Amino acid sequence: MPVPLAERPKNIILIIGDGMATPQLSASLYWRGVGRSVWEQFPFVGFHQSHAYDERVTDSAAGATAFACGQKTKNGAIGLVPPHFEPCRTILEELSALGWATGMVVTCSAVHATPACFVAHQDLRAFSEFIAEDYLKSSLDCFIGGGRGYFNDRPDRRNLLDSLRKNGYLVRFGTTFNQLPLDGSAPFYLFTADREPPSAHEGRRYLPMATARACEYLQKRSPKGFFLMVEGSQIDWALHANDVSWLRAELRDFEAAVTEALRFAQKDGETLLIVTGDHECGGMSLNPTQNPKHFAPAFTTRLHSAAMVPVLAYGPQAHLFSGIYDNTDIYFKMWEALSQESGARKRL
Ligand code: MG
Ligand code: ZN
């Protein structure tokens with residue numbers, strides 16, 4: 001049974017389905033079949049307008065920078081904002097400085113655009129080695145995802161894993177959680193792959209369990225609260241490939257991760273859970289078929305599209321996420337929910 005909700009959240013979990021908008025959410029709901037889907041358990045739903053600073057269709061770098069910093073930027077930029085494309089402070093960095101525990105759990109590598117925008121500041125998403133270096137400056141408490149090779153198999157021959165260890169991190173490789181300091185005693189990186197992790201239909205399984213473990217760990221890590229970003233990174237890759245069976249596997253995996261986060265939030269009562277996408281991808285439609293009970297997914301592009309993106313919210317102050325607003329407002333709404341000065345000031 002869900003516990004009564006506090007007035008204000010202590011913790012924020014932001015879950016991003018890369019490339020997930022209304023068609024993908026619909027498909028996930030219909031494919032599930034019987035029973036109430038996790039999507040139907042969110043009491044508040046809104047839409048964000050995903051466009052970039054100067055383009056109608058965003059990429060994942062500008063999209064994640066909007067969530068992380070509350071400002072639109074040009075496509076490809078990682079945590080840099082106009083007019084001079086200077087580094088912006090991300091909500092993860094700001095909350096960390098205020099004593100919150102922070103974490104990220106993703107199914108791509110650490111240097112991929114979405115997670116990068118919360119900790120790194122680089123002109124281009126392609127600057128993978130520089131993005132990895134930016135992780136050394138971050139006070140992130142936990143990272144679970146791929147990309148070990150960007151830290152220890154580099155053109156400049158530096159071993160950034162040693163640097164992480166010098167900074168007090170425990171560094172592990174694999175997809176099991178039993179050797180991690182889950183009692184909250186130390187910060188850690190769990191690299192699940194050398195570069196990009198396998199896809200869900202190739203057998204990748206860790207996202208739901210990693211989401212649950214990260215919530216428990218972060219809760220123990222700081223009495224102030226925590227900020228956790230979780231990404232279903234490969235929903236977007238399946239859509240770029242217009243690959244329905246891959247998409248289906250990624251959406252099933254994503255739904256399981258959201259289910260774990262919702263279960264945590266329902267038991268906790270002080271956690272604001274926000275689930276959204278950064279943009280639509282594939283120009284996906286759900287067309288009729290000969291069998292009147294089924295639908296046929298179809299794609300109109302191999303690129304991203306401009307469709308609005310749903311935002312689902314549960315927990316204290318979840319009502320703030322109703323309505324239609326810019327993707328940048330997600331940043332301000334998170335601050336408003338916490339009732340902290342920083343975000344409110346920034347908006348003026
Ligand atoms: Mg992404
Ligand atoms: Zn994409």
Side-chain angles (χ1 to χ4, degrees), residues 13-25 48 50-52 55-69 73-79 90 92 103-120 122 124-128 131-132 134-135 140 143-147 150 192-193 195-200 204 206-207 210-211 228-244 246-247 249-251 253-254 257-258 274-284 299-309 311 327 330:
I13 307 173
L14 174 63
I15 308 193
I16 303 170
D18 199 313
M20 188 193 75
T22 312
Q24 292 77 19
L25 200 60
H48 76 70
S50 66
H51 64 92
E55 287 183 63
R56 173 52 70 189
V57 178
T58 190
D59 82 332
S60 294
T65 300
F67 297 155
C69 294
T73 192
K74 63 185 176 188
N75 285 335
I78 301 288
T90 74
L92 189 152
M104 296 201 286
V105 177
V106 299
T107 54
C108 58
S109 68
V111 301
H112 215 273
T114 311
C117 288
F118 287 83
V119 297
Q122 296 293 337
L124 280 177
R125 55 187 291 171
F127 293 166
S128 310
I131 292 171
D134 279 353
Y135 272 83
L140 193 65
F143 174 83
I144 304 176
Y150 295 101
T192 58
R195 303 283 167 176
E196 301 303 337
S199 65
R204 192 199 68 239
Y206 68 80
L207 185 69
T211 301
L228 172 65
M229 194 285 282
V230 176
E231 188 197 19
S233 319
Q234 298 195 26
I235 298 169
D236 183 66
W237 307 355
L239 291 161
H240 281 294
N242 290 181
D243 184 328
V244 174
W246 183 6
L247 175 66
E250 291 298 341
L251 286 173
D253 183 60
F254 187 70
V258 172
I274 306 147
V275 184
T276 188
D278 50 355
H279 51 71
E280 202 277 337
C281 182
M284 185 175 166
F299 302 97
T300 58
T301 177
R302 286 183 178 269
L303 305 174
H304 300 168
S305 84
M308 286 201 294
V309 180
V311 184
N327 55 358
I330 297 203

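In each ligand, atom 1 is the first atom listed, and ligand 1 is the first ligand listed. Bear in mind the structure is a predicted one, so any value in this text is a computation, not a measurement.
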K.L.:
Looking at CD1 of I78 and CG of D134, how far apart are the two atoms once the value is rounded to the nearest 0.5 Å?
P.N.:
10.0 Å

K.L.:
Compute the angle centred on the Mg ion (ligand 1) spanning OE2 of E231 and OG1 of T114, and express it rounded to 10 degrees.
P.N.:
80°

K.L.:
Quick one: report the N, O or S atom of D236 that is nearest to the Zn ion (ligand 2).
P.N.:
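Closest to the Zn ion (ligand 2) among those atoms: OD2.
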
K.L.:
Can you tell me how far CZ of F254 sits from CG of L207, rounded to the nearest 0.5 angstrom?
P.N.:
8.0 Å

K.L.:
Name the one of H240, H304, H48 that satisfies ring pair (Phe, Tyr, Trp, His ring centres under 6.0 Å) with H279?
P.N.:
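Exactly one pass, corresponding to H304.
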
K.L.:
Decide, counting backbone as well as side-chain atoms, whether H304 has an N, O or S atom less than 2.8 Å from the Zn ion (ligand 2).
P.N.:
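Checking H304: at least one N, O or S atom is under 2.8 Å.
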
K.L.:
Do you see an N/O/S atom of D18, backbone or side chain, under 2.8 Å from the Mg ion (ligand 1)?
P.N.:
yes

K.L.:
In Å and rounded to the nearest 0.5 Å, what is the CG to CD distance from D18 to Q234?
P.N.:
10.0 Å

K.L.:
Give a yes/no answer: is there an N/O/S atom of H240 under 2.8 Å from the Zn ion (ligand 2)?
P.N.:
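Within the cut-off used here (under 2.8 Å), H240 does place an N, O or S atom near the Zn ion (ligand 2).
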
K.L.:
Using 0.5 Å steps for rounding, measure from the CD atom of E250 to the CE atom of M20.
P.N.:
13.0 Å

